There are 2 protein chains.
Amino acid sequence: MATRRASITDLAKQLNLSPSTISRALSDHEDVSQATKDRVRQLATALNYQPNQLAAGLRKGRSKMLGVLVPHITGNFFPQVVHGIATEANLSGYNVMIFQSNEDEQQERKNIELLMNAQVEGILVSLANSTHNFEHFEMVQDNTLPLVFFDRIVEGIAGASVGAVVIDDYQGAYEVVTHLAAQGCTRIAHFTGPLHLNIYRNRHQGYLDALQAHGLPAEEELTVFCEMTLAGGTEGMRQLLARPQRPDAVFSSIDVAAVGAMQVLKKAGIRVPQDIALAGFSNEQFTAFTDPSITSVDQNCELMGRTAVQMLLDMVTDNPERPASPHNIVLKPKLLIRESSLRKPKAGAF
Amino acid sequence: MATRRASITDLAKQLNLSPSTISRALSDHEDVSQATKDRVRQLATALNYQPNQLAAGLRKGRSKMLGVLVPHITGNFFPQVVHGIATEANLSGYNVMIFQSNEDEQQERKNIELLMNAQVEGILVSLANSTHNFEHFEMVQDNTLPLVFFDRIVEGIAGASVGAVVIDDYQGAYEVVTHLAAQGCTRIAHFTGPLHLNIYRNRHQGYLDALQAHGLPAEEELTVFCEMTLAGGTEGMRQLLARPQRPDAVFSSIDVAAVGAMQVLKKAGIRVPQDIALAGFSNEQFTAFTDPSITSVDQNCELMGRTAVQMLLDMVTDNPERPASPHNIVLKPKLLIRESSLRKPKAGAF
DNA sequence: ATGAAAGCGCTAACAA
DNA sequence: TTGTTAGCGCTTTCAT
């Protein structure tokens, strides 16, 4: 017990072979005799030999690790993306190290450094919403470390080894509003978060453009800036109800705020969707479980994670065949129509 | 551009110092002159020097990494625990590597090996529900790698460097049933998963004992084995309704199955909680958003993660002061009473 | 207060 | 087919 872990040197001694031969045998190098390979492998299992990746990584200059930096690992979205990331990375033999910025720029910066220290071969990032300074990402580029942003991206940045994967927030929002208009809504309000974040800005723009396309009013006061939380939604809805002219639909940029709005409407005896229709964004699990269930937009989170990893690994392995592709992928969102916005029965649905 | 990352050797050359001095200066070793430290640090920042953790880890035999192995990083529970783990580990300067078993014993075994190869200093595991053979964990022990199970644990295993953190599932279930009895329910059914998993077995036992304690029938057919999913819950509820004698309450071992049950009841025009009361387990986010909201048991996931890390780090640093503690921590669950089980108004609540 | 030298475990020229 | 040697970047005795 408590015997030190077996190393290649140990195997070499016990078999009267050189370390290099052991190394080659273990990696199934072609010019090692089958007999030797067998002996080596047998002893390796017997001693429960485990290769030391740190040493191998140091020697080869390839850690086989990817870094992930997210605002937090809670909620629905990030865990799903991380699930996709981990799954896809493992498929290519990469391990994944995870850090959280807690939506804080300082922690983000610090964690980027930690990832670089850990010698990851590439980094996947979704921005903290407080980040305004992007020097830490330029540092990553200076070190020629491939970098892929997902969902919450830095928009100015560009380079051979920087990329981004997002879903088409604009399109998703546009579809939501188009759907609401088709349901007969004419005065559609919008809950949004801070517009310096690409996701909110794009959803907001999609909302505005769709309104215009359908000849609906796009009054400024229909856009409500609120916390993208349950409480934010209730607050936003109260504000809307306090005004002289009520909306007949609310499209919230985040699902949970739509729930807040729904709770206010229920208490006020306002029917959803008949009096006010409701829609959210992200397809959180609970949108299917509320009563009425909430129309939302699915972001295909897992695919986003997988796609981001694929892009990153393309950069890591630096495939010279492929021409320097735009390194920018926009995934299609999917509108999920549920009860909260369905005023007219779908054709043939009933 | 594309300049190789600066190393200690580089700093040494540029400053006409030896690598050892640089190393000491960077780690603020006491017998390096302040003047030298200043020069070194200045150049380090100028060259954007980043220490190579792989090399340091190899040399020191301490990777400063912890391994996490969970069934998956989706849903509510595991992401929250992982959040707690990552947060707590980072506080002590540890990085976290994450793998998913996808509920598969083979992948679990494989990932344990990968974690050992990665030279993590300790491993946190929640068992895949298909795991019946535990040899891979004995391997971890043979390598004297500290191991802490959380939530889904191996019960037979024991040793100086194995531990477990769970919540008191028995107690949580007991409290649910006690509450239902207090609400006047007399025929309480239970949805459960496979009893070889400690969580389901303990919740089931708590259910049974509480029934007995309150003089209620504990008929075998009141325990329904079903998939712990939405569909499993609808299926289980249908089975119960098809029987001659209806229950007046259902306690589901998993929240989502309670939602399934609720949907069936709504469609059947059976009122919740008046006709049949409902309760779940885990305090998933959606339990607060359904209508009626669902009574559940909070597991304090984040605390579980933090506690598990603390225990693990205690083992890693092998504090000899502390007597070999039992390495077994049971956290208290918290019953959250919501509408789905509330037949009588709480005293003073209205 | 600083330097020289060795080595963590592994791999990859280069030799034999 | 196998062995020799050197070195990835860092830390740590031991010496000065």
Side-chain angles (χ1 to χ4, degrees), chain A residues 3-41 43-44 47-65 93 113-114 116-121 143, chain B residues 3-41 43-44 47-65 93 113-114 116-121 143:
Chain A
T3 42
R4 199 174 48 76
R5 298 223 249 282
S7 71
I8 281 197
T9 319
D10 298 333
L11 298 192
K13 279 179 187 152
Q14 293 207 30
L15 293 177
N16 272 325
L17 287 170
S18 76
S20 25
T21 304
I22 306 290
S23 173
R24 284 186 279 242
L26 289 172
S27 50
D28 207 20
H29 197 304
E30 55 176 6
D31 42 46
V32 172
S33 73
Q34 191 56 47
T36 310
K37 281 185 187 170
D38 290 344
R39 287 173 64 213
V40 171
R41 289 195 194 132
L43 184 63
L47 295 189
N48 193 7
Y49 166 76
Q50 301 289 349
N52 183 331
Q53 288 280 23
L54 255 54
L58 177 59
R59 174 62 230 245
K60 293 198 278 198
R62 317 208 61 209
S63 64
K64 280 289 186 175
M65 297 195 302
E113 293 205 349
L114 289 176
M116 296 180 55
N117 296 350
Q119 305 298 115
V120 296
E121 294 183 39
N143 281 10
Chain B
T3 42
R4 198 174 48 76
R5 299 223 246 284
S7 72
I8 280 198
T9 319
D10 298 333
L11 299 193
K13 279 179 187 150
Q14 294 209 30
L15 294 176
N16 272 324
L17 287 170
S18 74
S20 19
T21 303
I22 307 289
S23 173
R24 282 186 281 242
L26 290 171
S27 50
D28 206 20
H29 197 301
E30 55 176 9
D31 42 48
V32 171
S33 74
Q34 192 56 47
T36 310
K37 281 184 186 171
D38 291 344
R39 288 174 63 213
V40 171
R41 288 194 196 133
L43 184 64
L47 295 188
N48 194 6
Y49 167 76
Q50 300 289 350
N52 183 330
Q53 287 279 19
L54 254 54
L58 177 60
R59 172 64 230 243
K60 293 198 278 200
R62 318 208 60 209
S63 65
K64 282 287 188 177
M65 298 195 302
E113 292 205 350
L114 289 176
M116 296 180 54
N117 296 350
Q119 306 298 115
V120 296
E121 295 183 38
N143 282 9

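Letters A, B, ... mirror the listed sequences (proteins, then strands); counts begin at 1. What you see is a predicted model; the values in this text were computed from it and never measured.
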Which is true for [X] with a 4.0 Å heavy-atom rule: it touches a base, it touches only sugar-phosphate, or it touches nothing?
X	value
A:N52	sugar-phosphate
B:I8	sugar-phosphate
B:S33	sugar-phosphate
A:L54	nothing

How about B:L54 and A:M65: do any of their side-chain heavy atoms sit closer than 4.5 Å?
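Yes. Closest side-chain heavy atoms under 4.5 Å.
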
Verify whether one side chain among A:E113 and A:N117 offers a donor that lies under 3.5 Å from an acceptor in the other.
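On atom types as modelled, these side chains do not qualify, holding no pair under 3.5 Å.
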
Looking only at side-chain N and O atoms, does B:D38 offer a donor or acceptor that is under 3.5 Å from a partner on B:Q34?
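Side-chain D/A pair, B:Q34 to B:D38: present.
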
Counting just side-chain N and O atoms, does [X] come under 4.0 Å of either OP1 or OP2 of [N]?
X	N	result
A:Y49	C:dC10	yes
B:T36	C:dT2	yes
A:S18	D:dG3	yes

On DNA chain C, check which nucleotide each of B:A55 and B:N16 is closest to and give me the residue with the more 5' one.
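Its nucleotide being nearer the 5' end, the pick is B:N16.
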
For B:R24 and for A:S20, find the nucleotide of DNA chain C with the closest heavy atom, then tell me which residue's nucleotide is more 5'.
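With B:R24 and A:S20 compared, the 5'-side residue is B:R24.
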
Take atom NZ of B:K60 and atom P of C:dG9, then tell me their distance rounded to the nearest Å.
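It works out to 16 Å between those atoms.
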
Would the distance check show the side chain of B:E121 and the main-chain N or O of B:S63 forming a donor-acceptor pair, the cut-off being under 3.5 Å?
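Checking the backbone N and O of B:S63 against the side chain of B:E121, a donor-acceptor pair under 3.5 Å is found.
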
